[in-house]
Enquirer: 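Mind looking over this structure? Questions follow.
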Amino acid sequence: MRPIRKVLIANRGEIAVRVLRGLHDLGLESAVVYSEADRDSWPVLLADEAHCIGPAPSRESYLRGEAIVDLALAIGADAVHPGFGFLSENAAFAARCRDAGLVFVGPPPEAIAAMGSKIEARRLMRAAGVPVVPGTEEPLADLEAASRVAAEVGYPVMLKASAGGGGKGMRRVASAADLAEAFRSARSEATASFGDDSVYLEKFLDRPRHVEIQVFADAHGRTVSLGERECSLQRRQQKVVEESPSPVVDADLRARMGAAAVRAAEAVGYVNAGTVEFMLAPDGQFYFLEMNTRLQVEHPVTELVTGLDLVVAQLRVAQGEALGPEFDIPAPRGHAIEVRLYAEDPYHKYAPSPGRISRLRWPHGPGVRVDAGIYEGATVSIHYDPMLAKLIVWGVDREQALARLERALGELRIEGIATNVPLFRALVADEEFRAGRFDITWLDRRLGAGELARPAGTRLADLPLVAAAIAHHAATHSAAAGEQGGHRPIWRLASRRAALRGTTWSW
Ligand code: MV4
């Protein structure tokens with residue numbers, strides 16, 4: 001295979017920035033596409049070249065596969081990196097790149113397609129000896145077939161759309177009495193969402209954890225497991241915190257899940273970075289859920305406990321290099337935790353909060369990493385996913401990682417828009433979270449139907465007291481203030497005090 005010299009990134013935001021960093025470190029030329037809404041975005045500023053491909057809506061810009069391939073050819077790119085979301089798991093796009101003589105930085109289209117059909121994936125996994133949840137092997141022909149399998153595996157059961165994933169078209173069915181209505185609605189939702197009415201059925205697992213395995217395969221027949229990520233902390237099926245290792249996975253379970261994940265990847269001829277998702281039941285049994293055929297949002301926690309650069313590895317594998325000896329990971333080193341920073345308001349039902357970032361201060365110091373797509377002064381658009389950035393911490397053990405997460409959240413300031421940072425401040429103070437005692441239902445139960453409770457320290461009624469404290473502080477530190485020109489913006493002083501208490505003040 002010819003070496004890659006120039007890569008077009010078919011994505012935006014923090015993952016475009018992340019891929020640009022990998023390209024830089026390898027000495028490769030970079031180009032990005034962008035929509036009219038992203039003209040002033042950070043990846044556009046960082047890339048060697050940037051090309052506008054259309055208006056804000058994704059359909060008219062980041063999802064225009066044909067236009068992106070034409071652009072890659074026109075600018076002399078050798079490869080296309082799809083990032084995650086958008087075209088990253090679109091088998092037709094991967095094939096279009098290949099047919100045009102471009103390297104798609106990801107798996108072969110056949111592997112994407114095999115895992116895209118959940119029924120086909122279940123069949124392949126079973127044949128490869130990967131444990132799957134008891135259920136159907138074929139699309140359910142009709143209600144009668146559904147009723148038969150449900151009785152076999154026992155209620156409650158889960159109806160799922162074959163073309164789904166991520167929970168769309170999914171129905172929990174408590175008893176035989178509810179099956180007919182659930183089957184009908186799962187089927188119509190599958191048709192409406194995916195244009196494919198194939199539905200299958202599994203036994204419902206009660207309160208499992210979501211544990212996934214990062215795999216990597218080169219084009220020379222070597223596939224490795226890079227250990228697990230614990231992803232059970234989800235709000236309405238959206239991951240918000242991920243960590244590695246999982247607090248409940250020991251070396252033996254890690255070896256068995258890793259081996260199963262490698263078999264899963266090998267069964268579909270996988271190459272490049274992939275993730276095999278499992279549900280881990282309270283009794284210690286694990287079951288294949290689905291395989292994500294892309295680099296994932298939470299890849300940094302794996303990078304921090306393996307010492308690998310997964311974007312660099314993706315590019316090397318894509319140009320035909322074999323995985324080196326550094327891919328033999330006997331055990332994770334230390335502990336990493338990632339929190340996803342979203343532009344949403346936890347005090348108002350997590351409503352999206354677009355707008356201009358008026359002030360921004362990132363945390364720093366030992367064990368702290370920030371992967372961001374934003375900068376101070378940037379505007380967050382309503383058109384795309386609200387994820388702004390990821391804060392990732394590393395420590396020798398989970399306790400040190402938690403202490404560093406608490407420190408980093410205290411230093412972090414994002415003003416001008418609302419973010420979910422208060423959720424993470426509440427989490428690091430939560431005893432059950434700190435003890436690692438949670439499953440996929442825990443966060444939604446913890447938050448309940450309502451909103452996050454405001455910490456007592458941020459009550460508006462306390463403001464006069466705080467103002468008096470700041471005035472006193474400013475007066476007693478007037479010499480220092482004088483050296484800085486006699487002016488110290490009040491918000492900085494207030495922020496410093498708040499940082500010590502781990503709360504945020506905004507006005
Ligand atoms: C399940 C399940 C329980 N039993 N399947 C949700 C997203 C989709 N990828 C699969 N999902 C689930 N499938 C059976 N047989 C519970 C979930 C589920 C879930 C899984 C992983 C992480 C978070 C979740 C939140 C709700 C439901």
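Each ligand, and each atom within it, is numbered from 1 in the order the structure gives. In this chain, residues are counted from 1 in sequence order. All figures in this text were calculated on a predicted structure; none of them were measured in a lab.
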Enquirer: Quick one: do the Q238 and Y342 side chains pair a donor with an acceptor below 3.5 Å?
Expert: yes

Enquirer: What I want to check is whether the side chains of H335 and E243 have a donor and an acceptor closer together than 3.5 Å.
Expert: yes

Enquirer: If we count only N and O atoms by modelled type, under 3.5 Å, do the side chains of Y155 and D178 hold a donor and an acceptor together?
Expert: no

Enquirer: When you look at CZ of R59, are more than 12 heavy atoms from neighbouring residues, nucleotides or ligands closer to it than 6.0 Å?
Expert: no

Enquirer: Using only heavy-atom distances, determine whether the side chains of S41 and R12 contain a donor-acceptor pair under 3.5 Å.
Expert: no

Enquirer: With side-chain hydrogen bond (donor to acceptor under 3.5 Å, both in side chains) as the test, would you mind laying out the steps for T275 and Q296 before giving the verdict?
Expert: CA-CA 8 Å; T275 297; Q296 285 188 255; 2.5 Å; yes

Enquirer: Give one line per pair: atom of ligand 1, protein atom, distance. Only N/O to N/O under 3.5 Å.
Expert:
from, atom 1, to, atom 2, distance (Å)
ligand 1, 4 (N), L205, N, 2.9
ligand 1, 5 (N), K160, NZ, 2.9
ligand 1, 9 (N), E290, OE1, 3.2
ligand 1, 13 (N), K160, NZ, 3.0
ligand 1, 15 (N), E202, OE1, 2.9
ligand 1, 15 (N), K203, O, 2.7

